[in-house]
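Reminder, nothing fancy here: chain letters follow the sequence lines and each chain counts from 1.
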Amino acid sequence: MRLSHGFVPTLKETPAEAQIASHRLMLRAGLVRQTSAGIYAWLPLGLRVLRNIERIVREEQDAVGAQELLMPTIQPAELWKESGRYEDYGKEMLRIRDRHDREMLYGPTNEEMITDLLRQSLKSYRELPQILYHIQWKFRDEVRPRFGVMRGREFLMKDAYSVDLDYAGAVVSYRKMMLAYMRTFQRLGLKAIPMVADTGPIGGDLSHEFIILAPTGESQVYYDAAFEEIDYSSGAISHESAEDLQRFFEQMTTHYAATDEKHDPNAWAEVATERRREGRGIEVGHIFYFGTKYSAPMGFKVAGPDGKPVAPEMGSYGVGVSRLVGAVIEASHDADGIIWPDSVAPFKAALLNLKRGDAACDRICEEIYGKLGGDVLYDDREDRAGVKFADADLMGHPWQVVVGPRGAAAGKVELKRRATGQREEVSIEDALARIA
RNA sequence: CGGGGCGUGGCGCAGCCUGGUUAGCGCGCGUGUUUUGGGUACACGAGGCCGCCGGUUCGAAUCCGGCCGCCCCGACCA
């Protein structure tokens, strides 16, 4: 993208409404614009980041055998009346009537809908297990949206639903999702820790919140440093091996980890002092097993091995995709702007032409731009060098290729790594090789 | 949902208390000169029915009433 004709409205000053770093930076770097309280338009740069995160989430879901589908945002109220949640959900649910005065709603989640879809077609235990997911916009009419995209009313969420014949199967599905989540967050450059969450009336121990560490997180968290040594990368654990999954799950759940509301000082005291870690955390995912909470009331049954109908055991698994954009920034920024991890950056590099009109600068920039094309944001604006440096730092591309008349004459460019601030003078070929 | 605050060019703000004729400042934007590796300097210029509706008054950004929007603290949430 050529910045001179790109729609990337950066701001020098911070809009008054933005309180936290990620919100400020998303507005300043031209990623999003608010259109109503808690509702945002994703501008080109922000959308690229959102798509990158979505892609990683999708790849890791697929990797453990989940299947993608896409359910609508608008749902009929009847389904929610069947589960009893139409009344329970309260004002957070955005209720709508169509022209025929039919009661509809903008989905805040999809348990009812997926259950309806599944009950229509799944008739035998032999078709189980199933894990289905979709990445779709949700709406929850929060009383008080805040923190920009981190706590909006409209948000993009990946929600998956597992269906198993029995509890043992549900446990396996649950562990697969936990594995997919850890890999997802790792690829996003985040340190995520699963922390035990409330199971409410369901009971048991199959509910975890995934908390990522960021100085501006909303809750205080405590965990054992042993988490940092667990290897759950692809290859280390097979999602098809129940034994691997069990070993992984035990590793993830035996060490101490809790948010402040579930913090147990006695258990904490048993963690070796040098392994105790504390910090602030942001919830970016939640997985839980809910048994037959929806299958039973909604009449979702399959024939069991003995031919008798059984309500399947289910679970649901959410990742706040749009929230993650903010969360990544919270976890990775400095006074000058965003520092994108390579995996989610809108562009791999910014190409700064410090002197437009200088034959050598123009030629080198065009050559690099021609080779990197869509992966680079070419700052070809007629601005001063300082403006370009500041905007590049603000937008946070992992690399900056600085082409100035000084080096250009000798065929050299300067390569700067945003995360470390390190710069070095290299040849065009080296710069291209390093970035690609 | 309780408590507080704010709506004035694209952004950040002043003016309002103590109504008065061309509504101001910084940034940004346009043109020209200048500068040329970390938001350059100067000049000229464009851009606002002062959130909306109603009221008081000779006169309302300013006073009064209602409405809408947005933000902050708390309770609640992926």
Rounded off to whole Å, could you give me the [atom1]-to-[atom2] distance for the [X] and [N] pair?
X        : N     : atom1 : atom2 : result
A:Gln61  : B:A78 : CD    : C1'   : 14 Å
A:Glu54  : B:A78 : CD    : C1'   : 15 Å
A:Ile39  : B:G69 : CD1   : P     : 12 Å
A:Glu382 : B:G39 : CD    : P     : 19 Å

Do the non-hydrogen side-chain atoms of [X] and [Y] ever get within less than 4.5 Å of each other?
X        : Y        : result
A:Asp393 : A:Arg418 : yes
A:Ile435 : A:Ile368 : no
A:Trp340 : A:Met395 : no

Across the strands shown, which category fits [X] at heavy-atom distances under 4.0 angstrom: base, sugar-phosphate, nothing?
X        : value
A:Lys91  : sugar-phosphate
A:Gly152 : base
A:Thr109 : nothing
A:Arg356 : nothing
A:Ala390 : base
A:Gln19  : sugar-phosphate
A:Glu142 : base
A:Gly318 : nothing
A:Val284 : sugar-phosphate
A:Asp159 : nothing
A:Leu11  : nothing

Handout entry: Nearest-nucleotide 5' precedence on RNA chain B, A:Arg153 against A:Ala385
Key = A:Ala385

Exercise for the section: By nearest nucleotide on RNA chain B, pick out whichever of A:Arg28 and A:Gly38 is the more 5' one. Expected result: A:Arg28

If you check the [X] side chain, which of [options] turns out closest?
X        : options             : result
A:Gln34  : B:A78, B:G12, B:C70 : B:C70
A:Pro15  : B:C11, B:G37, B:C70 : B:C11
A:Val387 : B:G39, B:C71, B:G37 : B:G39

Provide the Watson-Crick or G-U wobble partner of [N], both distances under 3.5 Å; none if there is no partner.
N     : result
B:A43 : B:U31
B:C67 : B:G51
B:C25 : B:G12

With a 3.5 Å cut-off and just heavy-atom distances, do the side chain of [X] and the base of [N] make a donor-acceptor pair?
X        : N     : result
A:Arg151 : B:C76 : yes
A:Glu13  : B:G28 : no
A:Asp383 : B:G39 : no
A:Arg146 : B:G74 : no

Between the protein and nucleotides 33-35 of chain B, which nitrogen or oxygen pairs are less than 3.5 angstrom apart?
from, atom 1, to, atom 2, distance (Å)
B:U35, O2, A:Arg384, NE, 3.2
B:U35, O2, A:Arg384, NH2, 3.3

Exercise for the section: Measure centre to centre between the rings of A:His263 and A:Tyr256, then say whether the value is under 6.0 Å. Expected result: yes

Problem - Ring centres under 6.0 angstrom apart (A:Tyr174, A:Tyr289) - result: no

Closer than 4.0 angstrom, basic N to acidic O: yes or no for [X] and [Y]?
X        : Y        : answer
A:Arg277 : A:Glu228 : yes
A:Glu82  : A:Arg119 : yes
A:Glu366 : A:Arg363 : no

Is there a side-chain contact between [X] and the phosphate of [N], meaning an N or O under 4.0 Å from OP1 or OP2?
X        : N     : value
A:Lys355 : B:G37 : no
A:Arg144 : B:C72 : yes
A:Lys12  : B:G28 : yes

For the [atom1] atoms, the ones on [N] and on [M], what distance do you get once it is rounded to whole angstrom?
N     : M     : atom1 : result
B:U36 : B:G45 : P     : 28 Å
B:G39 : B:U22 : P     : 41 Å
B:G28 : B:C67 : C1'   : 33 Å
B:G10 : B:U35 : P     : 34 Å

Problem - Pi-cation contact, A:Tyr106 with A:Arg153 (under 6.0 Å, within 45°) - result: no

Exercise for the section: Test the A:Arg175-A:Phe248 pair against the cation-pi criterion, namely NZ or CZ under 6.0 angstrom from the six-membered ring centroid and within 45° of the ring axis. Expected result: no

Problem - Donor-acceptor under 3.5 Å (A:Lys388 side chain, A:Arg381 main chain) - result: yes

Handout entry: Interatomic spacing from CD in A:Gln34 to OG in A:Ser36 - rounded to 0.5 Å
Key = 7.0 Å

Practice task
Report yes if the ring of A:Phe389 lies under 5.5 Å from the six-membered base ring of B:G37 with planes under 30°, and no otherwise.
Solution key: no

Tell me which donor-acceptor pairs under 3.5 Å the side chains of residues 8-20 of chain A have, and how far apart each pair is, sequence neighbours excluded?
from, atom 1, to, atom 2, distance (Å)
A:Thr10, OG1, A:Asp391, OD1, 3.4
A:Thr10, OG1, A:Asp391, OD2, 3.3

Interface polar pairs with nucleotides 3-6 of chain B, N/O, under 3.5 angstrom:
none

